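Inspection log for the structure reproduced underneath, given as structure tokens.
Values in this document were obtained by computation on a predicted structure and should not be read as measured data.
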There are 2 protein chains.
Amino acid sequence: MNTNRDDAIPLTLPLPPEVEESLCRCGGIAGLVEQLPGDATLERESGVHRALADPLRLKILAMLAVQPLCVCVIKAVLGIADSKLSYHLSVLKKVGLIVGEAQGNWIIYRLTADGETWARRILSDAAN
Amino acid sequence: MNTNRDDAIPLTLPLPPEVEESLCRCGGIAGLVEQLPGDATLERESGVHRALADPLRLKILAMLAVQPLCVCVIKAVLGIADSKLSYHLSVLKKVGLIVGEAQGNWIIYRLTADGETWARRILSDAAN
DNA sequence: TTACTATTTCATAAAATATTGAAATACTGA
DNA sequence: TCAGTATTTCAATATTTTATGAAATAGTAA
């Protein structure tokens with residue numbers, strides 16, 4: 001096993017002067033690497049974006065930002081098959097942007113705190 | 001052609017009382033629909049998230065948030081094949097999060113204004 | 001119990017994305 | 001010109017995500 005970072009990252013690359021200079025100032029490649037989020041963080045964060053990477057799912061989020069809704073209302077607005085909607089809801093649920101609570105015959109979905117944060121961002125981006 | 005929204009969206013669904021009441025207050029299903037972003041907006045927004053839906057690409061963004069970098073430095077840090085890196089850079093470039101400028105033998109990539117906004121969000125989320 | 005409704009799950013098919021290695025492009029410096 | 005380097009492009013393949021329709025689950029109400 002080799003934990004010496006220096007052989008994974010050659011320090012003596014020929015670089016464009018502009019890059020080399022500012023790279024030196026920030027501690028070289030090692031200094032740069034230190035500033036990056038860890039792998040677990042990147043995985044988690046990219047997972048949220050993957051869930052947001054679909055127009056239908058963003059629309060669901062926007063709807064739930066107005067108020068909690070049961071599946072049948074969401075379906076009526078989107079006009080898609082039950083199983084398709086269920087799939088997309090499960091994607092949003094899995095990353096913790098929404099939760100569903102059974103209420104008699106229905107399941108009412110609402111945004112989580114995370115979901116609200118993202119919905120706000122999305123809607124304010126959309127306004128531009 | 002049919003532009004009458006009423007037959008796409010049945011107004012007389014049996015609903016959980018909680019949902020029905022607040023749905024009425026916000027103008028029913030029609031009122032709800034009015035508050036949603038348009039399709040073009042949702043497409044564009046989801047496209048950005050799709051570009052951010054990969055840990056490697058988030059890492060690239062985080063690196064460029066430190067300073068503009070040439071491909072070879074990014075490659076040294078990530079330790080992946082040239083063509084793979086080139087593919088991921090093209091994904092970020094296509095949605096306008098980064099731009100590359102040729103500088104002699106090198107291409108130096110930097111964040112766009114949008115890229116900076118997203119990098120800030122990602123890094124501040126990562127801090128939690 | 002029965003019939004009915006809302007929603008999810010499952011298997012499979014289709015579509016979109018990502019990886020790989022080889023070849024192409026474009027620049028530099030001798 | 002030539003050789004060398006940095007980066008991209010391409011075609012083939014592998015992987016992941018999404019769509020679809022049928023069946024299952026779980027609740028309600030008669």
All N/O donor-acceptor pairs, side-chain side in residues 38-52 of chain A, below 3.5 Å, sequence neighbours left out:
from: A/Ser46; atom 1: OG; to: A/Leu42; atom 2: O; distance (Å): 3.0
from: A/Ser46; atom 1: OG; to: A/Glu43; atom 2: O; distance (Å): 3.0
from: A/His49; atom 1: ND1; to: B/His49; atom 2: ND1; distance (Å): 3.0
from: A/Arg50; atom 1: NH2; to: B/Ala53; atom 2: O; distance (Å): 2.9

Overall bend of the helix from C/dT1-D/dA30 to C/dA30-D/dT1 (five pairs an end, 10° steps) is 30°
If the condition is side-chain hydrogen bond (donor to acceptor under 3.5 Å, both in side chains), which residues does [X] pass it with, not counting sequence neighbours?
{"X": "A/Arg121", "result": "B/Asp125"}
{"X": "A/Arg110", "result": "none"}
{"X": "B/Asn105", "result": "none"}

Which atom pair, heavy atoms only, marks the closest approach of [X] to [Y]?
{"X": "A/Ile74", "Y": "A/Leu69", "value": "CG1-CB, 4.0 Å"}
{"X": "A/Pro68", "Y": "B/Val19", "value": "O-CG2, 4.1 Å"}
{"X": "A/Ile29", "Y": "B/Ala76", "value": "CD1-CB, 4.3 Å"}
{"X": "B/His88", "Y": "B/Ile60", "value": "CB-CD1, 4.3 Å"}

Report the distance from atom [atom1] of [X] to atom [atom2] of [N], rounded to the nearest whole Å.
{"X": "A/Asp82", "N": "C/dT9", "atom1": "CG", "atom2": "C1'", "result": "12 Å"}
{"X": "A/Leu69", "N": "C/dT7", "atom1": "CG", "atom2": "C1'", "result": "15 Å"}
{"X": "B/Lys75", "N": "C/dT19", "atom1": "NZ", "atom2": "C1'", "result": "15 Å"}
{"X": "A/Leu85", "N": "D/dA19", "atom1": "CG", "atom2": "P", "result": "11 Å"}
{"X": "B/Lys94", "N": "D/dT8", "atom1": "NZ", "atom2": "C1'", "result": "13 Å"}
{"X": "A/Ile107", "N": "C/dT9", "atom1": "CD1", "atom2": "P", "result": "9 Å"}
{"X": "B/Ile80", "N": "C/dA18", "atom1": "CD1", "atom2": "P", "result": "12 Å"}
{"X": "A/Leu92", "N": "D/dT18", "atom1": "CG", "atom2": "P", "result": "10 Å"}

Strand-adjacent residues in residues 17-25 of chain B, judged by heavy atoms under 4.0 Å from DNA chain D
none
Given DNA chain C, 5'-ward residue of the pair A/Trp106 and A/Ser90, judged by closest heavy atom
A/Trp106
Looking at side-chain heavy atoms only, is the closest gap between B/Ile108 and B/Val71 below 4.5 Å?
no
Does a nitrogen or oxygen in the side chain of A/Tyr109 sit under 4.0 Å from OP1 or OP2 of C/dA6?
no
Report yes if at least one side-chain N or O of A/His88 is closer than 4.0 Å to OP1 or OP2 of D/dA19; otherwise report no.
yes
For [X], give me all partners under side-chain contact (heavy atoms from CB on, under 4.5 Å), at least two apart in sequence or on another chain.
{"X": "A/Ser90", "value": "A/Tyr87"}
{"X": "A/Ser86", "value": "none"}
{"X": "B/Leu111", "value": "B/Leu61, B/Leu64, B/Ala65, B/Ile98, B/Glu116, B/Ala119"}

At under 4.0 Å between heavy atoms, how does the protein contact nucleotides 20-30 of chain D? Give one character per nucleotide, 5' to 3', with B, S or -.
BBB----BS--
Which of residues 47-61 of chain B sit near DNA chain C, with a heavy atom under 4.0 Å from it?
B/Arg50, B/Arg57
Is there any side chain to side chain donor-acceptor pair (under 3.5 Å) pair reaching into residues 72-84 of chain B, and which pairs are they, with sequence neighbours excluded?
B/Lys75-B/Asp82
Worked verdict on A/Tyr109 versus A/Cys70 for side-chain contact (heavy atoms from CB on, under 4.5 Å)
CA-CA 6 Å; A/Tyr109 280 94; A/Cys70 56; over 6 Å; no
Side-chain contact check for B/Leu89: nearest option of D/dT7, D/dT8, C/dT7 is D/dT8
Can you figure out which of C/dT8, C/dT7, D/dT8 approaches the side chain of A/Cys72 most closely?
C/dT7
